[in-house]
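Note sheet for the following structure.
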Protein chains: 2
Amino acid sequence: MNDKEKISLCLADAQSVFRMGLRKLLSAYHELDIKGEAGNMKELKMVIGKHHPTILILDYNPKYFDGAELSRVLNEAPDCRVIIISSQIHKLGIFKSLDLNILAYLTKECSTDEIVKAIQAVNTGKRFFCNNMLDSLLKNKLIQQDQVENNSLKVNNLTKREIEIVKLVALGKRNKEIAVDLNVSHHTVHTHRKNILKKVGVRSALELTNYAKEIGII
Amino acid sequence: MNDKEKISLCLADAQSVFRMGLRKLLSAYHELDIKGEAGNMKELKMVIGKHHPTILILDYNPKYFDGAELSRVLNEAPDCRVIIISSQIHKLGIFKSLDLNILAYLTKECSTDEIVKAIQAVNTGKRFFCNNMLDSLLKNKLIQQDQVENNSLKVNNLTKREIEIVKLVALGKRNKEIAVDLNVSHHTVHTHRKNILKKVGVRSALELTNYAKEIGII
DNA sequence: AAATTAATTTAGACTTAGTCTAAATAGAGG
DNA sequence: CCTCTATTTAGACTAAGTCTAAATTAATTT
């Protein structure tokens, strides 16, 4: 096979053992060409700059791959399609990330078959969500059944004002502080907060904050 | 090398890719003999029963490995020493688990070097906590500096009564309900609760519940 | 034995958050 | 014009978290 016909891949994961496993798995597919690996942000910038891969497989754990820097790097590499393969659904900026070139979301527990399928789908510009990921999103009420359609997701329920409130609540601000910030009565903030909790289906500011992190509002 | 001198290993992890990586990593060490793998509880019971390994390397993700059943299986295999290698620190029943034969805790991001070191330590009956794990526990205030000593941990701060309260709070019970349960005034429950929050270093019942799950109280 | 300390208990005052009902205003779209 | 949604304000109530204060009991030390 001509090298130019090969799918150019890079692996970014803080878990070196997982990278080893991915290499082993993908070595059976001769149309795939693994150009390089990265265990942190610095290495990722290097391999992207050096190899310009068609596809990047990324476990985006924010402890090792800074979100803001990641956005910048990926924006500078618009031709690089991204597969997120994560064990940390909690910190997925999943909906926010749809703006970027992230086409697939996998969990680390998904089958090797799904990993290969994801690569093939993404290579032809299609989206792919593994079953684990969809199950997890459904179970955690991040999405409803009617928001899943041909492996694409449509969200989110909150209004502009409510999202403003969520951001401030997530910062740990009190209702009265938020009221000052937004130049409204503290009763208003109170009501918004109540409506948000009901809409999102959580019971406290802490749970709401977790939700906000999950869907990438903050 | 004689087979009887080899360290008999089994791998239990829902992530097949990670198992592939571990196999690849450990294949370089000829004193290690990987007897079998398991991706779920059913398979784990089979490989333990069949191979009676000296060491089990386990990512104990409760979604795939039921905690209660795990305890039972490990109790029935008292000679099997366990290395936990997890990406989900949040759900670690770490202190509770010290009763079992779990001698080492690693994160999936730790270096391959530390994995090998852990196996060697555990093989000679020693405990091992990787740097990531200790950092994480310290950062999340699950332990304080003075609770780390020669790679062993001494906890926990809470009194008997406080632990009773925590359990009931974690069930979502109200102060007045707890007061009835324990035959004390709701003021008492109130004060206990306040003291617990302060002692644990959290700010709400929800955070306390998370803590209780982390340290294995519930 | 006495003193000290930790654990458990009770109490009151205050702030904040969450749950409820109710309603006014403004804008978009049919 | 009517309706629907978003936004706003308000009051009453329950629950939880923060504060101070103190009494009783058990365990430990001196």
Side-chain angles (χ1 to χ4, degrees), chain A residues 95 140-141 144 146-147 154-215 217-218, chain B residues 95 140-141 144 146-147 154-215 217-218:
Chain A
F95 306 116
N140 289 293
K141 295 176 187 169
Q144 268 88 51
D146 59 11
Q147 292 175 336
K154 37 177 180 171
V155 280
N156 105 29
N157 290 321
L158 299 177
T159 68
K160 284 181 191 174
R161 198 58 155 178
E162 285 169 344
I163 289 175
E164 285 185 275
I165 304 278
V166 169
K167 286 180 181 176
L168 296 170
V169 168
L171 291 175
K173 294 213 177 193
R174 312 291 189 191
N175 283 350
K176 286 179 184 173
E177 296 174 302
I178 296 173
V180 172
D181 285 1
L182 300 181
N183 272 313
V184 294
S185 157
H186 67 277
H187 293 287
T188 309
V189 180
H190 200 61
T191 302
H192 280 306
R193 218 167 154 151
K194 178 201 65 180
N195 292 336
I196 292 166
L197 292 185
K198 197 170 187 179
K199 203 179 266 189
V200 173
V202 295
R203 282 167 48 209
S204 70
L206 197 71
E207 282 181 309
L208 179 61
T209 303
N210 291 335
Y211 171 81
K213 287 177 183 170
E214 284 163 352
I215 69 170
I217 290 179
I218 56 172
Chain B
F95 305 117
N140 289 294
K141 294 176 187 171
Q144 268 90 50
D146 59 12
Q147 292 174 336
K154 37 175 181 171
V155 281
N156 99 32
N157 288 324
L158 299 177
T159 68
K160 283 180 190 176
R161 198 57 155 178
E162 286 170 340
I163 289 176
E164 282 185 277
I165 305 278
V166 170
K167 286 180 180 176
L168 296 170
V169 169
L171 291 175
K173 294 213 176 193
R174 314 290 189 192
N175 284 349
K176 286 177 185 174
E177 296 174 302
I178 296 172
V180 171
D181 286 1
L182 301 182
N183 273 312
V184 293
S185 157
H186 68 277
H187 293 287
T188 309
V189 180
H190 199 62
T191 301
H192 280 307
R193 219 168 153 151
K194 178 203 64 181
N195 292 335
I196 292 165
L197 292 185
K198 196 168 187 179
K199 202 179 266 187
V200 174
V202 294
R203 280 167 49 210
S204 69
L206 197 71
E207 283 180 310
L208 179 60
T209 302
N210 291 336
Y211 170 81
K213 288 178 184 170
E214 284 163 351
I215 68 168
I217 288 178
I218 57 172

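In what follows, chains carry the letters A, B, and so on, assigned in the order in which the sequence lines appear, proteins first and then strands, with residues in each chain numbered from 1.
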(request) For A:S204 and A:L197, work out which heavy atoms get closest and say how close. (result) O-CD2, 3.8 Å
(message) I need the A:I178 CD1 to A:H190 NE2 distance, nearest 0.5 Å.
(response) 12.0 Å
(message) Does C:dT9 have its OP1 or OP2 closer than 4.0 Å to a side-chain nitrogen or oxygen of B:H192?
(response) yes
(request) In whole angstrom, give the distance that lies between atom NZ of A:K176 and atom P of C:dT15. (result) 8 Å
(request) Rounded off to whole Å, could you give me the CG-to-C1' distance for the A:L182 and D:dT8 pair? (result) 12 Å
(request) Check the distance between D:dG11's C1' and A:H187's NE2 and give it to me in whole angstrom. (result) 7 Å
(request) Find the distance A:I196:CD1 to D:dT7:C1' and express it as a whole number of Å. (result) 12 Å
(message) Considering every strand and a 4.0 Å limit on heavy-atom distances, what is the contact class for B:T188: base, sugar-phosphate, or nothing?
(response) base
(request) Drop me the distance from B:H187's NE2 to B:N175's CG, to the nearest 0.5 angstrom. (result) 10.5 Å
(request) With sequence neighbours excluded, tell me which residues meet salt bridge (Lys or Arg N to Asp or Glu O under 4.0 Å) with A:E164. (result) A:R161
(request) Give the rounded distance in Å between these two atoms: CG of B:N183 and C1' of C:dT10. (result) 15 Å
(message) Which nucleotide wins on minimum distance to the side chain of A:V184, given the candidates C:dT16, D:dA15, D:dT8?
(response) D:dT8
(message) When you measure from the side chain of A:E177 to the backbone of A:K173, do you find a donor-acceptor pair of N or O atoms at a distance under 3.5 Å?
(response) no
(request) Can you tell me the distance, in whole Å, between the CG atom of A:N195 and the P atom of C:dT19? (result) 11 Å
(message) Working to the nearest 0.5 angstrom, can you tell me the gap between A:L168 CG and A:I163 CD1?
(response) 12.0 Å
(request) Rounded off to whole Å, could you give me the CD-to-P distance for the A:E164 and D:dA6 pair? (result) 15 Å
(request) Could you point out which residue of B:V184, B:L182, B:D181 forms a side chain to side chain contact (heavy atoms under 4.5 Å, CB included) with B:I165? (result) B:L182
(request) Look at A:R174 and C:dA17 and indicate whether a side-chain polar atom (N or O) is within less than 4.0 Å of OP1 or OP2. (result) yes
(request) Classify every nucleotide of nucleotides 17-25 of chain D by which part a protein heavy atom approaches to under 4.0 Å, writing B for the base, S for the sugar-phosphate alone and - for neither, in 5'-to-3' order. (result) BBBB-----
(message) Nearest whole Å is fine: how far is C:dA17 C1' from A:I178 CD1?
(response) 11 Å
